Amino acid sequence: MLADEYEFVIGGDPDRDTVDLAIVDTATGSVRAHLVSSADGMGYAHMLGWVRHHAPGRRVWALEGPGSFASGLADALARAGEDVVEVGGLKRIRGPKNDRLDAVRAARTALGREHQASPRARGLREAIRALTAAVLVSRTKAINELKSLIVVAPEHLRATMRGLSLTKQLARIEAVGTVESATIEHRITVLTLQSITTRIRFLTRQLAELDPELFRLLRQHPAGPALLAQPGVGPVVAAQLLLSWSHPGRVRNETAFVSLAGVAPLEASSGQRTRDRLNRGGDRALNRALHTVAITRMRCHPETRAYEIKRRAEGQTHRDIRRCLKRTLARKLYRVMEAATRTNTLPATD
(Lines give C-alpha, C1' and ligand atoms only; values in the text may rest on other atoms or scores of the structure.)
Protein backbone atom coordinates (compact mmCIF):
# COMPACT_ATOMS: atom_id res chain seq x y z
CA MET A 1 0.00 0.00 0.00
CA LEU A 2 1.08 3.59 -0.56
CA ALA A 3 1.54 4.26 3.15
CA ASP A 4 4.29 1.63 3.23
CA GLU A 5 6.32 3.31 0.48
CA TYR A 6 5.59 7.03 0.57
CA GLU A 7 5.39 9.86 3.09
CA PHE A 8 2.98 11.99 1.05
CA VAL A 9 0.18 11.47 -1.46
CA ILE A 10 -0.69 14.41 -3.70
CA GLY A 11 -4.30 14.12 -4.81
CA GLY A 12 -5.22 15.83 -8.06
CA ASP A 13 -8.65 16.82 -9.35
CA PRO A 14 -8.19 18.17 -12.90
CA ASP A 15 -10.53 20.36 -14.87
CA ARG A 16 -10.24 21.72 -18.39
CA ASP A 17 -8.40 24.88 -17.32
CA THR A 18 -7.28 24.24 -13.73
CA VAL A 19 -6.01 21.50 -11.43
CA ASP A 20 -6.73 21.31 -7.69
CA LEU A 21 -4.03 19.62 -5.60
CA ALA A 22 -4.08 18.43 -1.98
CA ILE A 23 -1.08 17.02 -0.09
CA VAL A 24 -2.05 14.27 2.37
CA ASP A 25 0.32 12.90 5.00
CA THR A 26 0.29 9.10 4.74
CA ALA A 27 1.12 8.62 8.42
CA THR A 28 -1.83 10.62 9.77
CA GLY A 29 -4.15 11.09 6.77
CA SER A 30 -4.25 14.82 7.44
CA VAL A 31 -4.20 17.46 4.72
CA ARG A 32 -1.03 19.54 4.73
CA ALA A 33 -1.64 22.02 1.92
CA HIS A 34 -3.90 22.94 -1.02
CA LEU A 35 -3.16 24.53 -4.38
CA VAL A 36 -5.10 25.54 -7.49
CA SER A 37 -3.03 26.11 -10.62
CA SER A 38 -3.58 26.43 -14.34
CA ALA A 39 -3.57 23.32 -16.55
CA ASP A 40 -0.73 24.35 -18.84
CA GLY A 41 3.06 24.23 -19.01
CA MET A 42 3.63 27.12 -16.60
CA GLY A 43 1.03 25.71 -14.22
CA TYR A 44 2.66 22.27 -14.21
CA ALA A 45 6.05 23.82 -13.39
CA HIS A 46 4.42 25.81 -10.58
CA MET A 47 2.80 22.65 -9.16
CA LEU A 48 6.11 20.76 -9.17
CA GLY A 49 7.92 23.55 -7.34
CA TRP A 50 5.08 23.87 -4.81
CA VAL A 51 4.97 20.11 -4.14
CA ARG A 52 8.76 19.88 -3.76
CA HIS A 53 8.57 22.59 -1.13
CA HIS A 54 5.60 21.23 0.85
CA ALA A 55 6.26 17.49 0.36
CA PRO A 56 10.05 17.11 0.24
CA GLY A 57 10.11 13.42 1.15
CA ARG A 58 8.99 10.30 -0.67
CA ARG A 59 5.80 11.22 -2.53
CA VAL A 60 3.37 9.91 -5.13
CA TRP A 61 0.73 11.72 -7.20
CA ALA A 62 -2.81 10.28 -7.31
CA LEU A 63 -4.57 11.76 -10.33
CA GLU A 64 -8.15 11.39 -11.46
CA GLY A 65 -8.46 11.10 -15.25
CA PRO A 66 -4.81 10.97 -16.41
CA GLY A 67 -6.13 9.90 -19.80
CA SER A 68 -8.25 13.03 -20.24
CA PHE A 69 -8.03 16.35 -18.35
CA ALA A 70 -4.93 15.26 -16.40
CA SER A 71 -3.04 13.87 -19.41
CA GLY A 72 -0.80 16.92 -19.74
CA LEU A 73 0.03 16.93 -16.02
CA ALA A 74 0.70 13.17 -16.01
CA ASP A 75 3.07 13.58 -18.96
CA ALA A 76 4.92 16.46 -17.26
CA LEU A 77 5.26 14.44 -14.05
CA ALA A 78 6.60 11.43 -15.93
CA ARG A 79 9.27 13.58 -17.57
CA ALA A 80 10.20 14.99 -14.14
CA GLY A 81 10.64 11.48 -12.70
CA GLU A 82 7.67 11.69 -10.31
CA ASP A 83 5.68 8.61 -9.28
CA VAL A 84 2.06 8.70 -10.46
CA VAL A 85 -0.91 6.39 -9.85
CA GLU A 86 -4.33 6.59 -11.46
CA VAL A 87 -7.51 7.11 -9.49
CA GLY A 88 -10.66 6.08 -11.33
CA GLY A 89 -13.82 8.16 -11.37
CA LEU A 90 -14.68 9.03 -7.78
CA LYS A 91 -18.04 7.76 -6.58
CA ARG A 92 -20.67 10.33 -5.78
CA ILE A 93 -21.23 10.95 -2.12
CA ARG A 94 -23.84 12.79 -0.15
CA GLY A 95 -22.79 16.04 1.36
CA PRO A 96 -20.67 18.94 0.17
CA LYS A 97 -18.67 18.60 -3.03
CA ASN A 98 -16.14 20.82 -4.74
CA ASP A 99 -12.81 20.49 -6.55
CA ARG A 100 -10.82 21.07 -3.36
CA LEU A 101 -12.62 18.23 -1.56
CA ASP A 102 -12.32 15.97 -4.62
CA ALA A 103 -8.54 16.42 -4.61
CA VAL A 104 -8.44 15.26 -0.98
CA ARG A 105 -10.73 12.32 -1.82
CA ALA A 106 -8.45 11.30 -4.71
CA ALA A 107 -5.45 11.16 -2.35
CA ARG A 108 -7.30 9.23 0.35
CA THR A 109 -8.88 6.85 -2.16
CA ALA A 110 -5.43 5.92 -3.48
CA LEU A 111 -4.10 5.70 0.07
CA GLY A 112 -6.77 3.15 0.99
CA ARG A 113 -6.17 0.86 -1.99
CA GLU A 114 -4.06 -2.26 -1.88
CA HIS A 115 -3.42 -2.36 -5.64
CA GLN A 116 -2.55 0.74 -7.63
CA ALA A 117 -2.81 1.40 -11.37
CA SER A 118 -0.27 3.44 -13.29
CA PRO A 119 -1.51 5.88 -15.95
CA ARG A 120 -1.89 4.45 -19.43
CA ALA A 121 1.12 4.71 -21.72
CA ARG A 122 1.33 7.47 -24.29
CA GLY A 123 3.50 7.47 -27.41
CA LEU A 124 2.61 4.54 -29.69
CA ARG A 125 -0.43 3.56 -27.62
CA GLU A 126 -1.80 7.10 -27.81
CA ALA A 127 -1.25 7.13 -31.58
CA ILE A 128 -3.26 3.90 -31.91
CA ARG A 129 -6.01 5.33 -29.68
CA ALA A 130 -6.24 8.55 -31.68
CA LEU A 131 -6.45 6.67 -34.97
CA THR A 132 -9.19 4.29 -33.84
CA ALA A 133 -11.18 6.99 -32.04
CA ALA A 134 -11.10 9.30 -35.05
CA VAL A 135 -13.30 7.13 -37.24
CA LEU A 136 -14.21 3.82 -35.60
CA VAL A 137 -16.04 5.32 -32.63
CA SER A 138 -17.89 7.80 -34.85
CA ARG A 139 -18.96 5.03 -37.24
CA THR A 140 -20.20 2.86 -34.37
CA LYS A 141 -22.25 5.76 -32.99
CA ALA A 142 -23.76 6.41 -36.43
CA ILE A 143 -24.72 2.74 -36.83
CA ASN A 144 -26.35 2.75 -33.38
CA GLU A 145 -28.31 5.88 -34.33
CA LEU A 146 -29.51 4.18 -37.51
CA LYS A 147 -30.59 1.02 -35.70
CA SER A 148 -32.45 3.03 -33.04
CA LEU A 149 -34.29 5.06 -35.67
CA ILE A 150 -35.31 1.92 -37.60
CA VAL A 151 -36.87 0.49 -34.41
CA VAL A 152 -39.23 3.49 -34.04
CA ALA A 153 -39.82 4.09 -37.76
CA PRO A 154 -43.34 3.75 -39.21
CA GLU A 155 -44.26 0.10 -39.65
CA HIS A 156 -44.31 0.17 -43.47
CA LEU A 157 -40.66 1.33 -43.40
CA ARG A 158 -39.53 -0.82 -40.52
CA ALA A 159 -40.99 -4.00 -42.03
CA THR A 160 -38.81 -3.66 -45.15
CA MET A 161 -35.61 -3.54 -43.06
CA ARG A 162 -36.34 -5.96 -40.25
CA GLY A 163 -33.88 -8.87 -40.06
CA LEU A 164 -31.53 -7.52 -42.74
CA SER A 165 -27.78 -7.09 -42.35
CA LEU A 166 -26.35 -3.60 -42.09
CA THR A 167 -25.16 -3.66 -45.71
CA LYS A 168 -28.63 -4.57 -47.00
CA GLN A 169 -30.29 -2.02 -44.71
CA LEU A 170 -28.07 0.75 -46.08
CA ALA A 171 -28.88 -0.26 -49.67
CA ARG A 172 -32.60 -0.45 -48.89
CA ILE A 173 -32.60 3.00 -47.26
CA GLU A 174 -30.79 4.54 -50.23
CA ALA A 175 -33.42 3.10 -52.58
CA VAL A 176 -36.39 4.43 -50.60
CA GLY A 177 -38.21 7.31 -52.30
CA THR A 178 -40.85 9.73 -51.06
CA VAL A 179 -43.82 11.45 -52.68
CA GLU A 180 -45.43 14.76 -51.81
CA SER A 181 -48.54 12.99 -50.56
CA ALA A 182 -46.55 11.06 -47.95
CA THR A 183 -47.04 11.97 -44.30
CA ILE A 184 -44.60 14.34 -42.67
CA GLU A 185 -43.44 11.53 -40.36
CA HIS A 186 -42.62 9.34 -43.36
CA ARG A 187 -40.72 12.07 -45.22
CA ILE A 188 -38.65 13.23 -42.25
CA THR A 189 -37.86 9.65 -41.16
CA VAL A 190 -36.63 8.76 -44.66
CA LEU A 191 -34.62 11.97 -44.84
CA THR A 192 -32.97 11.26 -41.49
CA LEU A 193 -32.26 7.62 -42.34
CA GLN A 194 -30.64 8.61 -45.62
CA SER A 195 -28.58 11.30 -43.90
CA ILE A 196 -27.22 8.78 -41.36
CA THR A 197 -26.61 6.28 -44.16
CA THR A 198 -24.50 8.83 -46.04
CA ARG A 199 -22.49 9.44 -42.88
CA ILE A 200 -21.91 5.71 -42.34
CA ARG A 201 -20.76 5.29 -45.96
CA PHE A 202 -18.32 8.19 -45.58
CA LEU A 203 -16.89 6.90 -42.29
CA THR A 204 -16.59 3.38 -43.71
CA ARG A 205 -14.48 4.73 -46.60
CA GLN A 206 -12.34 6.68 -44.14
CA LEU A 207 -11.86 3.57 -42.01
CA ALA A 208 -10.71 1.61 -45.06
CA GLU A 209 -8.20 4.36 -45.84
CA LEU A 210 -6.86 4.33 -42.28
CA ASP A 211 -6.55 0.53 -42.05
CA PRO A 212 -3.03 0.45 -43.60
CA GLU A 213 -1.82 3.07 -41.12
CA LEU A 214 -3.34 1.09 -38.23
CA PHE A 215 -1.54 -2.04 -39.48
CA ARG A 216 1.75 -0.14 -39.52
CA LEU A 217 1.25 1.10 -35.97
CA LEU A 218 0.37 -2.40 -34.74
CA ARG A 219 3.44 -3.84 -36.43
CA GLN A 220 5.59 -1.34 -34.54
CA HIS A 221 4.18 -2.41 -31.17
CA PRO A 222 6.09 -5.28 -29.47
CA ALA A 223 2.85 -7.21 -28.90
CA GLY A 224 1.09 -6.20 -32.14
CA PRO A 225 2.34 -8.99 -34.47
CA ALA A 226 1.73 -11.63 -31.78
CA LEU A 227 -1.88 -10.50 -31.38
CA LEU A 228 -2.54 -10.35 -35.13
CA ALA A 229 -1.29 -13.93 -35.39
CA GLN A 230 -4.06 -15.14 -33.07
CA PRO A 231 -7.16 -16.64 -34.76
CA GLY A 232 -10.06 -14.19 -34.83
CA VAL A 233 -7.96 -11.14 -33.93
CA GLY A 234 -8.02 -8.42 -36.59
CA PRO A 235 -6.45 -4.96 -36.50
CA VAL A 236 -9.38 -3.24 -34.73
CA VAL A 237 -9.60 -5.93 -32.04
CA ALA A 238 -5.81 -5.95 -31.60
CA ALA A 239 -5.85 -2.18 -31.22
CA GLN A 240 -8.52 -2.34 -28.51
CA LEU A 241 -6.64 -5.06 -26.61
CA LEU A 242 -3.49 -2.93 -26.60
CA LEU A 243 -5.41 0.19 -25.57
CA SER A 244 -6.99 -1.55 -22.58
CA TRP A 245 -3.83 -3.41 -21.53
CA SER A 246 -1.57 -0.37 -22.19
CA HIS A 247 1.82 -1.60 -20.93
CA PRO A 248 3.43 -4.29 -18.75
CA GLY A 249 2.63 -3.80 -15.09
CA ARG A 250 -0.51 -1.71 -15.48
CA VAL A 251 -2.71 -4.82 -15.15
CA ARG A 252 -1.02 -6.87 -12.44
CA ASN A 253 -2.07 -10.36 -13.61
CA GLU A 254 -4.41 -12.24 -15.93
CA THR A 255 -7.12 -12.46 -13.27
CA ALA A 256 -7.17 -8.68 -13.03
CA PHE A 257 -7.35 -8.46 -16.83
CA VAL A 258 -10.34 -10.81 -16.86
CA SER A 259 -12.00 -8.58 -14.28
CA LEU A 260 -11.11 -5.45 -16.27
CA ALA A 261 -12.84 -6.97 -19.31
CA GLY A 262 -16.00 -7.66 -17.31
CA VAL A 263 -15.99 -11.37 -18.20
CA ALA A 264 -15.46 -12.70 -14.67
CA PRO A 265 -18.74 -13.67 -12.97
CA LEU A 266 -19.50 -11.92 -9.68
CA GLU A 267 -20.49 -13.93 -6.64
CA ALA A 268 -24.02 -13.16 -5.46
CA SER A 269 -24.52 -15.81 -2.79
CA SER A 270 -26.82 -15.29 0.15
CA GLY A 271 -27.60 -17.61 3.03
CA GLN A 272 -27.88 -21.18 1.76
CA ARG A 273 -28.11 -20.07 -1.86
CA THR A 274 -24.88 -20.08 -3.86
CA ARG A 275 -24.88 -18.41 -7.24
CA ASP A 276 -23.00 -16.04 -9.54
CA ARG A 277 -24.24 -13.16 -11.66
CA LEU A 278 -22.96 -11.47 -14.80
CA ASN A 279 -20.46 -8.66 -14.49
CA ARG A 280 -21.96 -5.64 -16.27
CA GLY A 281 -18.99 -3.43 -15.39
CA GLY A 282 -15.42 -3.30 -16.58
CA ASP A 283 -14.08 -1.97 -19.86
CA ARG A 284 -17.01 -2.52 -22.24
CA ALA A 285 -14.94 -1.78 -25.34
CA LEU A 286 -12.54 -4.56 -24.29
CA ASN A 287 -15.54 -6.81 -23.61
CA ARG A 288 -16.85 -6.18 -27.14
CA ALA A 289 -13.43 -6.96 -28.61
CA LEU A 290 -13.36 -10.33 -26.81
CA HIS A 291 -16.94 -10.96 -27.97
CA THR A 292 -15.86 -10.42 -31.59
CA VAL A 293 -12.99 -12.89 -31.21
CA ALA A 294 -15.26 -15.44 -29.54
CA ILE A 295 -18.01 -15.43 -32.19
CA THR A 296 -15.41 -15.48 -34.99
CA ARG A 297 -13.69 -18.51 -33.50
CA MET A 298 -16.97 -20.29 -32.84
CA ARG A 299 -17.79 -19.87 -36.51
CA CYS A 300 -14.54 -20.88 -38.22
CA HIS A 301 -11.87 -22.06 -35.74
CA PRO A 302 -11.74 -25.90 -35.56
CA GLU A 303 -10.53 -26.13 -31.96
CA THR A 304 -13.17 -23.70 -30.74
CA ARG A 305 -15.91 -25.47 -32.66
CA ALA A 306 -14.84 -28.77 -31.09
CA TYR A 307 -14.94 -27.10 -27.66
CA GLU A 308 -18.46 -25.81 -28.35
CA ILE A 309 -19.66 -29.28 -29.41
CA LYS A 310 -18.21 -30.78 -26.24
CA ARG A 311 -19.83 -28.20 -23.96
CA ARG A 312 -23.18 -28.51 -25.75
CA ALA A 313 -23.10 -32.23 -25.05
CA GLU A 314 -22.71 -31.32 -21.38
CA GLY A 315 -25.91 -29.27 -21.53
CA GLN A 316 -24.42 -25.76 -21.85
CA THR A 317 -26.23 -23.15 -23.95
CA HIS A 318 -24.61 -21.21 -26.78
CA ARG A 319 -24.60 -18.07 -24.65
CA ASP A 320 -22.98 -19.82 -21.66
CA ILE A 321 -20.30 -21.32 -23.89
CA ARG A 322 -19.53 -17.93 -25.41
CA ARG A 323 -19.13 -16.38 -21.96
CA CYS A 324 -16.75 -19.12 -20.87
CA LEU A 325 -14.81 -18.68 -24.10
CA LYS A 326 -14.48 -14.92 -23.58
CA ARG A 327 -13.03 -15.54 -20.13
CA THR A 328 -10.53 -18.05 -21.51
CA LEU A 329 -9.60 -15.70 -24.37
CA ALA A 330 -8.98 -12.82 -21.95
CA ARG A 331 -6.47 -14.93 -20.03
CA LYS A 332 -4.75 -16.20 -23.15
CA LEU A 333 -4.49 -12.84 -24.91
CA TYR A 334 -3.17 -11.22 -21.74
CA ARG A 335 -0.39 -13.81 -21.62
CA VAL A 336 0.34 -13.21 -25.31
CA MET A 337 0.79 -9.46 -24.76
CA GLU A 338 2.90 -9.90 -21.64
CA ALA A 339 5.14 -12.56 -23.22
CA ALA A 340 5.62 -10.62 -26.46
CA THR A 341 6.54 -7.45 -24.58
CA ARG A 342 9.02 -9.21 -22.33
CA THR A 343 10.62 -11.00 -25.29
CA ASN A 344 11.02 -7.81 -27.29
CA THR A 345 12.41 -5.77 -24.41
CA LEU A 346 15.04 -8.22 -23.13
CA PRO A 347 18.61 -6.87 -23.45
CA ALA A 348 20.76 -8.43 -26.13
CA THR A 349 23.32 -11.01 -25.00
CA ASP A 350 26.48 -12.32 -26.62
Side-chain angles (χ1 to χ4, degrees), residues 1-3 5-130 133 137 243-244 246-247 249-251 260 283:
M1 298 182 70
L2 295 184
E5 302 179 24
Y6 300 97
E7 299 174 58
F8 306 100
V9 179
I10 300 96
D13 181 61
D15 205 343
R16 187 191 65 181
D17 300 317
T18 61
V19 179
D20 282 67
L21 297 181
I23 299 177
V24 174
D25 190 316
T26 61
T28 63
S30 61
V31 180
R32 293 189 54 146
H34 288 275
L35 174 71
V36 180
S37 188
S38 57
D40 53 29
M42 292 184 62
Y44 302 150
H46 179 211
M47 293 179 213
L48 274 169
W50 178 80
V51 165
R52 286 166 180 163
H53 175 72
H54 288 88
R58 291 175 289 113
R59 59 182 177 266
V60 61
W61 299 65
L63 302 180
E64 183 184 2
S68 54
F69 285 143
S71 60
L73 176 57
D75 193 39
L77 294 175
R79 291 196 304 269
E82 297 284 320
D83 293 342
V84 182
V85 297
E86 179 180 350
V87 179
L90 299 176
K91 293 183 179 179
R92 293 183 178 181
I93 59 172
R94 294 183 178 179
K97 179 191 181 304
N98 56 46
D99 293 341
R100 179 188 177 111
L101 293 176
D102 284 346
V104 176
R105 287 182 59 210
R108 289 176 174 164
T109 298
L111 192 58
R113 286 180 179 168
E114 183 177 355
H115 301 290
Q116 308 296 333
S118 59
R120 290 179 172 87
R122 295 187 65 84
L124 181 56
R125 180 200 172 274
E126 183 62 17
I128 294 173
R129 187 202 66 78
V137 174
L243 292 179
S244 299
S246 182
H247 60 273
R250 174 174 167 79
V251 183
L260 173 66
D283 186 333

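This one's a predicted model, so the numbers in the text were calculated from it and none came from an experiment.
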Worksheet item: Hey, is Arg105 close enough to Glu64 for a salt bridge, meaning N to O under 4.0 Å?
Response: no
Worksheet item: Side chains of Leu243 and Arg125: does their closest heavy-atom pair fall under 4.5 Å?
Response: yes
Item to complete: For residues Pro14 and Val19, determine if any side-chain heavy atom of one lies less than 4.5 Å from a side-chain heavy atom of the other.
Response: yes
Worksheet entry | Heavy-atom pair with the smallest gap, counting every atom of Val104 and Ala22 | CG2-CB, 3.6 Å
Worksheet, complete the sentence: Nearest heavy-atom approach of Ala103 to Asp13 is N-CB, 3.8 Å
Discussion item. With heavy-atom distances below 4.5 Å as the criterion, would you say the side chains of Val9 and Arg108 are in contact?
Written reply: no
Item to complete: Please report the shortest heavy-atom distance between Phe8 and Gly57, naming the atom on each side.
Response: CE1-N, 3.7 Å
Worksheet item: Which pair of heavy atoms, one from Leu2 and one from Val60, lies closest together, and at what distance?
Response: CD1-CG1, 4.1 Å
Worksheet item: Near Arg250 CZ, under 6.0 Å, is it more than 12 heavy atoms from other residues, nucleotides or ligands?
Response: yes
Discussion item. Please report the interatomic distance OH(Tyr6) to OG1(Thr26), rounded to the nearest 0.5 Å.
Written reply: 11.0 Å
Fill in: Note, Trp61 side chain near Leu21 side chain (heavy atom, < 4.5 Å)
yes
Worksheet item: Can you tell if the side chain of Glu82 reaches within under 4.5 Å of the side chain of Ile10, non-hydrogen atoms only?
Response: no
Fill in: For the student: nearest non-hydrogen atoms of Ala110 and Val87, plus distance
CB-CG2, 4.0 Å
Fill in: Shortest non-hydrogen contact from Ala106 toward Gly11
CB-CA, 4.3 Å
Worksheet item: About how many Å separate CG of Leu73 and CG of Leu48, when rounded to the nearest 0.5 Å?
Response: 7.5 Å
Worksheet entry | Reported NE2-to-CG distance for the pair His53 and Leu35, which is rounded to 0.5 angstrom | 12.0 Å
Worksheet entry | Note, Asp99 side chain near Val36 side chain (heavy atom, < 4.5 Å) | no
Discussion item. Looking only at the side chains, is there a donor atom on one of Trp50 and His54 sitting less than 3.5 Å from an acceptor on the other?
Written reply: yes
Worksheet item: Heavy atoms, side chains only, cut-off 4.5 Å: are His46 and Ser38 in contact?
Response: no
Worksheet item: Does any non-hydrogen side-chain atom of Asp20 lie less than 4.5 Å from one of Asp102?
Response: no
